[in-house]
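Right, one structure below, let's go through it.
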Number of protein chains: 2
Amino acid sequence: MPLESSMGLEPIKPVPTDGAHGHDDSLAIIEPLCAVFRRALKEEGLKYTPERARILDTIIEFDGLFEADQLLDALKAKGYSVSKATVYRTLKLLESCSIVQQVLFDRDQSHYQLAFGKQGNTLIIHVDTGEVETLELPELIALRDQICNARGLKAQGHKLQIFVIADDS
Amino acid sequence: MPLESSMGLEPIKPVPTDGAHGHDDSLAIIEPLCAVFRRALKEEGLKYTPERARILDTIIEFDGLFEADQLLDALKAKGYSVSKATVYRTLKLLESCSIVQQVLFDRDQSHYQLAFGKQGNTLIIHVDTGEVETLELPELIALRDQICNARGLKAQGHKLQIFVIADDS
DNA sequence: CTTGGTGCAAACATTTTGCAGCACA
DNA sequence: TGTGCTGCAAAATGTTTGCACCAAG
């Protein structure tokens, strides 16, 4: 089965980022990202609602990975009441336009992260503490593409997870 | 939360493979693997039951990845009736003694694979067909350890997933 | 105004668990 | 012969869906 499902609708094609890349100030990317989302929605005849705006804004404020539940809590904490159903529906939407990506490393819960900016697709998972860091590993891309080329395949993306403990030796 | 849970009991420590490595003939590893399991169980005061033996035997006959449901079906097809609960319980047991490992790349279902022999921890996932290949990528280990050393961490393992489509360019 | 969106609660699918009887060591 | 194991069915969990009402465009 293809990875793309996104409720009934067609996958929204990834929208190229226009500007505001590589900045450290997360506030700086709020406007463009929101614009990207609006455009992606409009292209599909979907609506930009306050709930969707609030969800994206709240996601942007997260540092790295987050879970659906955390997102829901953060929304509540900000005084917004958005239902669980809407959070899940919006996450799918954000995934299908490549603003957010799902990260699987835990059977019990889906994790997500912003797919934009300096977020990486390598995770360092501390198996003792449960802590997770994300990072970018450009060296991996060369290795990946070399493997794919050798097989007549084209890489669309990759995820690396490294399970670690503190080195007390 | 630590990755290790394995129902009530302590994690069984990984047992070094004694022989029968790198062979192509899956039949050849049935005996040793089963012996490994027996030993691991005995060390924990657990019992080697016919259900557990049948589950391990059936897993060994799988080529690569499998799901709990497939395992259940395969058992039924062989005329063994093992309950779903026992399958899940035994999978956890096999995981905790490193005979089997869980592979997450699909939110809906856990996949598993034998952790022994030539099975790799890199997955090539064909996003169009759903097909999945596993392979070994020794180059990754160097990269991984280098990253960990630089941070005072010790790598315990890793998983790489590469998402691909056929290259029609 | 029309089409899609929201919240709620019920539905779902996979995995886990409580319990009574069974069987390995 | 006792502790652990099994099967069953019920529970638990994260996610999805049906529906009636609401709101964006």
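Labels below follow one simple rule: chain letters A, B, ... track the order of the sequence lines, proteins then strands, and each chain is numbered from 1.
- Salt bridge absent: B:E51 and B:R89 never bring a charged side-chain N and a carboxylate O closer than 4.0 Å.
- When atom types are taken as modelled, the side chain of B:R52 and the backbone of B:K47 share a donor-acceptor pair closer than 3.5 angstrom.
- A:Q109 has its CD atom 18 Å from the P atom of C:dT14, to the nearest Å.
- From A:C97, atom SG reaches atom CZ of A:R38 across 13.5 Å, with rounding to the nearest 0.5 Å.
- Atom CG of A:L41 sits about 5.5 Å away from atom CG of A:L46, to the nearest 0.5 Å.
- Side-chain N/O atoms of A:T86 include one lying less than 4.0 angstrom from OP1 or OP2 on C:dG7.
- As a whole-Å value, the separation of A:K84 NZ from C:dC12 P is 18 Å.
- Residue-to-nucleotide proximity on DNA chain D shows that, of A:H111 and B:G45, the 5′-proximal contact is made by B:G45.
- The backbone N or O of B:R107 lies less than 3.5 Å from a partner atom in the side chain of A:R107, making a donor-acceptor pair.
- One N or O on the side chain of A:Q161 and one on the backbone of A:L104 form a donor-acceptor pair closer than 3.5 Å.
- Side-chain nitrogen and oxygen atoms of A:K92 include at least one within less than 4.0 Å of the OP1 or OP2 phosphate oxygen of D:dT16.
- The CD atom of A:E44 sits 16 Å away from the C1' atom of C:dG5 (whole-angstrom rounding).
- Rounded to whole Å, the distance from CG on A:L72 to C1' on C:dC8 is 13 Å.
- If you check every strand for non-hydrogen atoms under 4.0 Å, A:D108 touches sugar and phosphate atoms only.
- Put simply, A:R52 has a side-chain N or O that comes within less than 4.0 Å of OP1 or OP2 on C:dT6.
- Phosphate contact (OP1/OP2 of D:dT16, side-chain N/O of A:R89, threshold under 4.0 Å): absent.
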Which atom pairs link the protein and nucleotides 23-25 of chain D when you take only N or O atoms and keep those under 3.5 Å?
residue, atom, partner, partner atom, Å
D:dA24, N3, A:K47, NZ, 3.2
D:dG25, OP1, A:Y48, N, 3.4

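- Remark: B:Y88 is not in phosphate contact with C:dT16, judged by side-chain N or O atoms under 4.0 Å from OP1 or OP2.
- The structure places CD of A:E133 at 4.5 Å from CD1 of A:I124, a figure rounded to the nearest 0.5 Å.
- Nearest-nucleotide mapping onto DNA chain C: of B:S110 and B:E51, the residue sitting toward the 5' end is B:S110.
- Whole-Å rounding puts the B:D106 CG to C:dT15 C1' distance at 15 Å.
- If you take CD of B:E43 and C1' of C:dA25, they are 16 Å apart, rounded to a whole angstrom.
- When rounded to the nearest whole Å, the span between CG of A:L75 and P of C:dT6 equals 12 Å.
- Between the CD atom of B:Q70 and the P atom of C:dT15 there is a distance of 12 Å, rounded to whole Å.
- End-to-end axis angle of the helix from C:dC1-D:dG25 to C:dA25-D:dT1, using five pairs per end and rounding to 10°, comes to 40°.
- Side-chain proximity of A:R107 to D:dG14, D:dC8, C:dT15: nearest is C:dT15.
- The shortest non-hydrogen separation linking A:I162 to B:C148 is CG2-SG, 4.0 Å.
- Distance CZ/A:F62 to CD/A:Q113: 13.0 Å, rounded to 0.5 Å.
- Atom NZ of A:K42 has 12 or fewer neighbouring heavy atoms from other residues, nucleotides or ligands inside a 6.0 Å radius.
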